[in-house]
Amino acid sequence: MTFFLKSKKFSKRMKNKIQELYDLMYLNLGPQGWWPVYDLKLKKCVYIPNRYTKNSPKLIFEISVGALLTQNTSWINVEKALAKLKEEGYLSPKKIYEASFEKLYELIRSSGYYRQKAEKLKNLSLFFIKNSLKELSKKNVFELRKMLLEIKGIGRETADSIILYGFQKPIFVIDSYTRRIYLRFFGDEKEYDYDELREIFEKSLKPDLKIYSEYHALFVEVAKRYCLKKIPLCEKCFLSLKCFYAKEFKNGKYTLSKNRQIS
DNA sequence: CGCCAGGGCCTCA
DNA sequence: TGAGGCCATGGC
């Protein structure tokens with residue numbers, strides 16, 4: 001597959017394909033209601049489709065904590081940690097910054113890597129203590145991203161998740177699911193750098209908060225339901241008619257490198 | 001039991 | 001600047 005060459009002729013086609021993938025997922029799965037927020041009464045995380053009101057400071061912090069805790073970790077484990085943090089009133093920068101490491105370990109243990117993540121949460125909390133949300137909200141996407149990336153423990157995906165879902169500014173989030181579906185659906189085996197792949201999506205779409213939010217959330221849903229790591233459920237997947245990998249699979253030939261790790 | 005899960009940091013060429 | 005090792009819990 002060579003339609004991702006830099007020539008303009010191909011980039012138009014690339015744009016259409018990326019928009020087509022979005023449309024297919026959105027039409028089949030609908031709005032996803034990201035980012036999930038822990039509900040104290042229901043005692044679980046809730047998804048609220050089409051909520052695009054402005055996030056409160058508390059919500060921005062909760063989303064940031066969730067984005068950090070879910071690094072290389074299944075959401076269900078994060079949800080348990082978020083529940084404890086929120087139930088015990090620790091979901092504020094001040095409380096986390098002042099908490100002992102022992103206490104934080106106890107609260108977030110279920111989310112894995114809990115020693116690293118406790119340290120990261122402290123760094124994140126100090127960031128929100130030192131910078132007012134008013135000032136942060138005024139920053140443009142790139143200034144905000146630069147500041148977040150200076151926090152030890154916040155990498156590109158976490159920063160972008162915080163910006164998109166927390167601060168509600170349009171930046172396209174790339175994660176392992178995005179890479180997997182991108183590779184399989186388009187059959188494009190080039191190993192893009194994080195920002196290279198982000199720009200492919202951003203150049204193909206309007207810089208629209210709703211589209212960016214839904215696109216990433218839809219990738220996660222498709223990856224969890226159908227596009228599994230080892231054995232993708234192509235026969236059940238609504239993308240299979242348009243998916244490069246599914247079509248090759250059906251024809252009994254794999255042109256994707258067989259031994260390539262698809263993470 | 002092994003694999004997977006909404007990464008990021010450190011080290012060492 | 002990129003590849004490899006490390007971090008850790010919980011579900012299946």
What contact category does A/N77 fall into here, base, sugar-phosphate, or nothing, at under 4.0 angstrom with non-hydrogen atoms?
base
Under 4.0 Å, counting only non-hydrogen atoms across every strand here, what does A/K224 touch: a base, just sugar-phosphate, or nothing?
base
Whole Å only: how far is the CG atom of A/N72 from the C1' atom of C/dG10?
13 Å
Measure the distance from CZ on A/R115 to P on B/dC9 and round it to the nearest whole Å.
19 Å
May I have the distance from A/K152 (atom NZ) to B/dG7 (atom P), rounded to whole angstrom?
21 Å
Rounded to the Å, how far apart are A/K117 NZ and B/dA5 P?
14 Å
Chi angles and distances behind the ring-ring contact (aromatic ring centres under 6.0 Å, His included) call for A/F238, A/Y226
CA-CA 9 Å; A/F238 57 86; A/Y226 308 109; 5.8 Å; yes
Of the options B/dC4, C/dA8, B/dC9, whose atoms approach the side-chain atoms of A/K230 most closely?
B/dC4
Counting any heavy atom closer than 4.0 Å, what does A/G112 reach on the DNA or RNA strands: base, sugar-phosphate only, or nothing?
base
Does OP1 or OP2 of B/dA5 have a side-chain N or O of A/T70 closer than 4.0 Å?
no
Does the pair A/D160/A/R145 count as a salt bridge with the N-to-O cut at 4.0 Å?
yes
In whole angstroms, how far is the C1' atom of B/dA5 from the CZ atom of A/F219?
18 Å
Using a cut-off of strictly less than 4.0 Å, decide whether A/S74 has a side-chain nitrogen or oxygen near OP1 or OP2 of B/dC4.
no
Whether A/E143 side chain and A/N140 backbone form a donor-acceptor pair below 3.5 Å:
yes
Per atom distances to the A/Y114 side chain, the nearest of B/dG7, B/dA5, C/dA8 is C/dA8
Please name the pair of heavy atoms, one in A/L82 and one in A/C45, separated by the smallest distance, quoted to 0.1 Å.
CD1-SG, 4.4 Å
Length of the line joining A/I162:CD1 and B/dG8:C1', which is rounded to integer Å:
13 Å
Are the charged groups of A/K242 and A/E20 less than 4.0 angstrom apart, N to O?
yes
Rounded to whole angstroms, how far apart are CG on A/D195 and P on B/dG8?
11 Å
For atom CG of A/L69 and atom C1' of C/dC7, their distance in whole Å:
14 Å
Does A/R180 put a side-chain nitrogen or oxygen below 4.0 Å from OP1 or OP2 of B/dA5?
yes
How are the rings of A/Y47 and A/W34 set relative to one another: parallel (under 30°), tilted (30 to 60°) or perpendicular (over 60°)?
tilted
Just list the side-chain donor-acceptor pairs under 3.5 Å for residues 216-224 of chain A, sequence neighbours left out, or say none.
residue, atom, partner, partner atom, Å
A/H216, ND1, A/V173, O, 3.4
A/E221, OE2, A/R225, NE, 2.8

Nearest listed nucleotide, side chain of A/Y113, among C/dT9, B/dG7, B/dC9:
B/dG7
Between A/A67 and A/G153, which is nearer to the 5' end of DNA chain B once each is assigned its nearest nucleotide?
A/A67
Taking for A/K80 and for A/Q116 the nucleotide of DNA chain C with the nearest heavy atom, the one nearer the 5' end belongs to A/Q116
A/S110 near the nucleic acid: base, sugar-phosphate alone, or nothing, with a heavy-atom cut-off under 4.0 Å?
sugar-phosphate
Counting only side-chain heavy atoms from C-beta out, which of B/dG7, B/dC10, B/dA5 sits nearest to A/K229?
B/dA5
Given Watson-Crick and G-U pairs under 3.5 Å, DNA chain C in dot-bracket ([ ] crossing, | other strand) is |||||||.||||
Reckon A/I76 touches a base, only the sugar-phosphate, or nothing at all at heavy-atom distances under 4.0 Å?
nothing
Cationic tip of A/R109 above A/Y114 ring, under 6.0 Å, 45° of axis:
yes
